[in-house]
Enquirer: 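A single structure is presented below for examination.
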Amino acid sequence: MIGVLKLVAAFPLPAARGIGRFIGFVFGRVIRHHRDDAFLQLERSLPELSPSECKRIINSMYTLQGINTLEMIWYSMRGLKKLENTIELEGREHLEEALKRGKGALLLSAHFGNYELSAMAVSIHGYKLSPVVKTIRNKTVNEVIQQLRDHEGLTFLPSKNAYRDCLKVLRKNELVGMIIDQNMTRDEGIFIDFFGKQACSSPGLAFMAAQSKAPVVPIFIYRTPDGGFRQKLFPLIEPPADRKPETIHAATQAYNKLVEDVIRETPEEWIWMHRRWKTIPLEGDSLVVRAKD
């Protein structure tokens, strides 16, 4: 696998993107990986779109996912210096404002745009970031991904039992990154409204902000017409006042509403094939919040 990655890095970036475009085409139109799920979720979430618009967005989504993957490999293998002149940082003052408080900051993001490059770009700008990530079941693939993510300024934390480690990072006035747009099981999450339908979401970000008093700073990465990227930091969100179930629920809802608004701007940049609404709510589920120690 490492040999394949080195081969990808040997190509010029436009060629690597071309390979990614082809891989996206195969997954989306030949293998049709979760394509029906993607169409169904897009049509239900954005009913104002015509069938032809939905088809265009879904096709573009698969293409961009392929390109994202090859870009992540190419930049990781070539070194982060290659990113310096391709990513424009907007809203840095929001992050600086958050860090002045000395409580660290929680970066809120989603599987939107090339989110892997977004984490790398944060470290390029001189910040120490610890993103929380899920461990991939296949050990070999997981090891390779870890090697690709191994860059100065980045420390990836496995999501299982990461809560205490995240608090330690925040106490050092550093950054913790959390992606909040994945479906959770009933015993792990709470139900919030996402595109007009109940979705099970992790309350972990709200809990952590409430306990640490660290502000939340939303961050998303967008493509620019010249082939580069624009990384946008949004105004900070104050931590919840307490850890009461209704307070945590309101904060988690607000975080997901922001993600929804970003997706609505450029829906082809989000992973519609992910079964975001897989967990079905039962009566009384919406305010169930598990206590954190």
Side-chain angles (χ1 to χ4, degrees), residues 91 94-95 97-99 101 103-112 115 118-119 122 127-135 155-194 198-221 232-263 270-271 274 276 279 285-293:
H94 303 309
L95 186 53
E97 179 186 353
L99 291 176
R101 302 184 181 186
K103 302 287 187 179
L106 290 154
L107 297 188
L108 178 165
S109 197
H111 292 91
F112 179 90
Y115 51 90
S118 185
V122 170
Y127 299 100
K128 290 187 177 180
L129 171 64
S130 297
V132 179
V133 296
K134 284 191 173 182
T135 300
T155 303
F156 286 83
L157 302 175
S159 58
K160 189 174 182 180
N161 302 320
Y163 194 82
R164 292 179 185 273
D165 290 333
C166 290
L167 292 177
K168 291 178 182 177
V169 171
L170 295 173
R171 291 190 193 107
K172 293 188 289 184
N173 200 32
E174 295 176 0
L175 308 176
V176 170
M178 299 187 73
I179 286 181
I180 66 166
D181 60 343
Q182 286 186 302
N183 178 69
M184 305 298 291
T185 59
R186 183 170 287 101
D187 63 336
E188 294 176 318
I190 57 176
F191 286 91
I192 48 84
D193 180 274
F194 193 62
Q198 291 290 293
C200 196
S201 185
S202 170
L205 177 59
F207 260 121
M208 200 174 298
Q211 181 170 348
S212 66
K213 302 304 179 186
V216 173
V217 181
I219 182 170
F220 297 92
I221 189 168
K232 182 178 179 180
L233 290 156
F234 289 69
L236 64 83
I237 303 171
E238 295 292 345
D242 53 57
R243 288 183 283 171
K244 295 179 181 178
E246 57 271 21
T247 306
I248 296 299
H249 184 273
T252 304
Q253 177 64 72
Y255 302 153
N256 279 272
K257 180 60 170 64
L258 190 148
V259 171
E260 178 183 323
D261 291 343
V262 169
I263 294 170
W270 191 61
I271 51 168
H274 172 61
R276 181 66 184 91
T279 302
D285 273 340
S286 60
L287 287 179
V288 175
V289 180
R290 296 175 61 192
K292 300 285 183 184
D293 51 14

Enquirer: Walk me through it: do Lys232 and Ile219 pass the test side chain to side chain contact (heavy atoms under 4.5 Å, CB included)?
Expert: CA-CA 6 Å; Lys232 182 178 179 180; Ile219 182 170; over 6 Å; no

Enquirer: Can you check whether Leu107 reaches Leu95 side chain to side chain, under 4.5 Å on heavy atoms?
Expert: yes

Enquirer: Is any side-chain heavy atom of Thr185 less than 4.5 Å from a side-chain heavy atom of Glu188?
Expert: yes

Enquirer: Tell me every residue that passes side chain to side chain contact (heavy atoms under 4.5 Å, CB included) with Thr252, counting only those two or more places apart in sequence or in another chain.
Expert: Ile190, Ile192, Ser201, Pro203, Ala206, Ile248, Asn256

Enquirer: Which pair of heavy atoms, one from Pro239 and one from Ala210, lies closest together, and at what distance?
Expert: CB-N, 4.4 Å

Enquirer: Distance from Lys103 atom NZ to Leu170 atom CG, nearest 0.5 Å?
Expert: 10.5 Å

Enquirer: Could you grab the distance from atom CE of Met184 to atom SG of Cys200, nearest 0.5 Å is fine?
Expert: 7.0 Å

Enquirer: Got a second to check how far Ile263's CD1 is from Ile271's CD1, nearest 0.5 Å?
Expert: 8.5 Å

Enquirer: Is the closest side-chain heavy-atom distance between Leu99 and Tyr127 below 4.5 Å?
Expert: yes

Enquirer: State, yes or no, whether a side-chain contact exists between Phe112 and Ile221 at a heavy-atom distance under 4.5 Å.
Expert: no

Enquirer: With side chain to side chain donor-acceptor pair (under 3.5 Å) as the rule and sequence neighbours excluded, what pairs involving residues 168-184 come up?
Expert: His111-Asp181, Asp181-Trp270, Asn183-Thr279

Enquirer: With Phe156, which residues qualify under ring pair (Phe, Tyr, Trp, His ring centres under 6.0 Å), at least two apart?
Expert: none

Enquirer: Can you check whether Val259 reaches Leu108 side chain to side chain, under 4.5 Å on heavy atoms?
Expert: yes

Enquirer: Does Lys257 have any salt bridge (Lys or Arg N to Asp or Glu O under 4.0 Å) partners at least two apart in sequence or in another chain, and if so, which?
Expert: Asp261

Enquirer: Could you please spell out the steps behind the salt bridge (Lys or Arg N to Asp or Glu O under 4.0 Å) verdict for Lys213 and Glu238?
Expert: CA-CA 8 Å; Lys213 302 304 179 186; Glu238 295 292 345; over 6 Å; no

Enquirer: Sequence neighbours left out, what passes side chain to side chain contact (heavy atoms under 4.5 Å, CB included) with Ser130? Give chain and number order.
Expert: Thr155, Leu157, Val169

Enquirer: Flag the pair Val217 / Ile237 as yes when at least one side-chain heavy-atom distance between them is below 4.5 Å, and no otherwise.
Expert: no

Enquirer: Can you confirm whether Gln253 sits close enough to Phe191 that some side-chain heavy atom of one is under 4.5 Å from a side-chain heavy atom of the other?
Expert: no

Enquirer: Between atom CG of Leu129 and atom OG of Ser118, what is the distance when rounded to the nearest 0.5 Å?
Expert: 8.5 Å

Enquirer: Please give me the minimum heavy-atom distance between Thr247 and Ala241, naming the atom from each residue.
Expert: CG2-N, 4.1 Å

Enquirer: Using the test salt bridge (Lys or Arg N to Asp or Glu O under 4.0 Å), find all partners of Asp242 that sit at least two apart in sequence or belong to another chain.
Expert: none

Enquirer: Grab the two heavy atoms, one from Ala105 and one from Ala98, that are nearest each other, plus how far apart they are.
Expert: CB-CB, 4.0 Å

Enquirer: For Pro131 versus Ala119, what's the shortest heavy-atom pair and its separation?
Expert: CG-CB, 4.4 Å

Enquirer: Is Gln198 close to Asp193 at the side-chain level, that is, under 4.5 Å between some pair of heavy atoms?
Expert: yes

Enquirer: Run the ring pair (Phe, Tyr, Trp, His ring centres under 6.0 Å) check on Phe220 and Phe234 step by step: do they pass?
Expert: CA-CA 8 Å; Phe220 297 92; Phe234 289 69; 5.7 Å; yes

Enquirer: Taking atom NZ of Lys128 as the centre, does the number of heavy atoms from other residues, nucleotides or ligands within less than 6.0 Å exceed 12?
Expert: no

Enquirer: What is the distance from atom SG of Cys166 to atom CG of Leu205, rounded to the nearest 0.5 Å?
Expert: 10.0 Å

Enquirer: Starting at OH of Tyr163, measure out to OG of Ser212 and round the result to the nearest 0.5 Å.
Expert: 7.0 Å

Enquirer: Just by distance, no angles: are the side chains of Tyr255 and Glu260 close enough, under 3.5 Å, to form a donor-acceptor pair?
Expert: no

